[in-house]
Amino acid sequence: MKVILQNIQNKLTSEVTDLKYVDEDWGQLNMYQPPVKWPCCLIDVTAINYTHLGIDRTKVPQTRQTGKIAVKLTLANLKLTNSSGMAPQSQKDQAWFIWDLANKIHEKLHGFCPGENCTKMMRNNLQRSVRDDGVQEYFITYNFEASNV
């Protein structure tokens, strides 16, 4: 999983340059003053469901499995401007910026193969988090499989 998460991180860091911080999610956004730069994308594995494939005596471990993996991206930005109808256009553009980022991330990761023996990543879910600290936060889940693990 380490290599897979690093491959996703490297892809986002190099190809979605609007992101100022891309890292493993270890709870940074739950801190009083999150140690991130805005906007950020945090990466974590939320679930791996394994199925039995059989035995291959030439491999270690001999009992082989396929893992169905769910990776959650937490996309967050500090929202300091509103998007009301009377706001200046530049302010509106900044307020809606997180959706531009979500689209850029999707363009890079949907169909991306994150590692050897993996299928392509497919977006499965998007959820909003309601916060009271000015942080705009969305969770985007991608699913893929890793075989012979």
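When all heavy atoms of Tyr21 and Lys37 are compared, the closest pair comes out as CB-O, 3.4 Å. Across all their heavy atoms, Cys118 and Ala146 have their closest contact at SG-CB, 4.0 Å. Taking every heavy atom of both residues into account, Cys41 and Leu12 meet most closely at SG-CD1, 3.9 Å. Considering all non-hydrogen atoms of both residues, Ala87 and Asn82 come closest at CB-OD1, 3.7 Å. Scanning both residues, Ala76 and Leu29, for their nearest heavy atoms gives CB-CD1, 3.7 Å.
Taking the side chain as every heavy atom from C-beta outward, Asp18 and Asp100 never approach each other to under 4.5 Å. Contact of the Pro39 side chain with the Lys20 side chain is registered, since non-hydrogen atoms from C-beta on lie closer than 4.5 Å. The closest side-chain heavy-atom distance from Asn77 to Leu101 is not below 4.5 Å. Between Thr74 and Glu137, the closest side-chain pair of non-hydrogen atoms falls below 4.5 Å. Gln94 is not listed as a side-chain neighbour of Leu80, based on a closest heavy-atom distance of 4.5 Å or more.
Tracing side-chain contacts under 4.5 Å through hydrophobic residues (I, L, V, M, F, W, Y), one reaches Met1 starting from Phe112; they form part of the same cluster. No continuous path of hydrophobic side-chain contacts links Val3 to Leu73 [ILVMFWY only; heavy atoms under 4.5 Å]. Note on Ile98 and Leu78: separate hydrophobic clusters, where clusters join Ile, Leu, Val, Met, Phe, Trp and Tyr whose side-chain heavy atoms are under 4.5 Å apart, directly or indirectly. Cluster membership for Tyr138 and Val45, using ILVMFWY side-chain heavy atoms within less than 4.5 angstrom, is shared. Connection of Trp38 to Leu19 is not established within any shared hydrophobic cluster, with ILVMFWY side chains joined at heavy-atom distances below 4.5 Å, either directly or through further cluster members.
Side chain of Gln9 to backbone of Glu24: no donor-acceptor contact under 3.5 angstrom is found. Of the possible donor and acceptor atoms, one in the side chain of Lys92 sits under 3.5 Å from a partner among the backbone N and O of Gly85. In this structure, Gln28 contributes its side chain and Trp26 its backbone to a donor-acceptor pair below 3.5 Å.
Here the CG-CD1 distance, from Asn124 to Ile140, works out to 12.0 Å after rounding to the nearest 0.5 Å. Atom NZ of residue Lys79 and atom CZ of residue Arg131 lie 14.0 Å apart, to the nearest 0.5 angstrom. In this structure, the separation between OG on Ser129 and CG on Leu75 is 12.0 Å, given to the nearest 0.5 Å. Here Gln127 contributes atom CD and Thr141 contributes atom OG1; the two are 6.5 Å apart, rounded to the nearest 0.5 Å. Remark: Leu5 CG to Asp23 CG distance equals 10.5 Å, nearest 0.5 Å. Ile69 contributes atom CD1, which lies 4.0 Å from atom CZ of Phe144 (distance to the nearest 0.5 angstrom).
Residue Met31 qualifies as enclosed at atom CE: its count of foreign heavy atoms under 6.0 Å is above 12.
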Applying side chain to side chain contact (heavy atoms under 4.5 Å, CB included), run through Asn49 and Thr51 and close with a yes or a no.
-> CA-CA 7 Å; Asn49 294 308; Thr51 57; over 6 Å; no
Run the numbers on Val71 and Leu109 for side chain to side chain contact (heavy atoms under 4.5 Å, CB included), then give the verdict.
-> CA-CA 11 Å; Val71 170; Leu109 291 185; over 6 Å; no
Is there a side chain to side chain contact (heavy atoms under 4.5 Å, CB included) between Val22 and Val16 once you walk through the steps?
-> CA-CA 10 Å; Val22 180; Val16 184; over 6 Å; no
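Considering Arg123, His106, His110 as possible partners of Tyr142, the one that fulfils the side-chain hydrogen bond (donor to acceptor under 3.5 Å, both in side chains) test is His106.
Judged purely by distance below 3.5 Å, without hydrogens or angles, the side chains of Asn103 and Glu107 pair a donor atom with an acceptor atom.
Glu116 pairs by the salt bridge (Lys or Arg N to Asp or Glu O under 4.0 Å) definition with nothing, not counting sequence neighbours.
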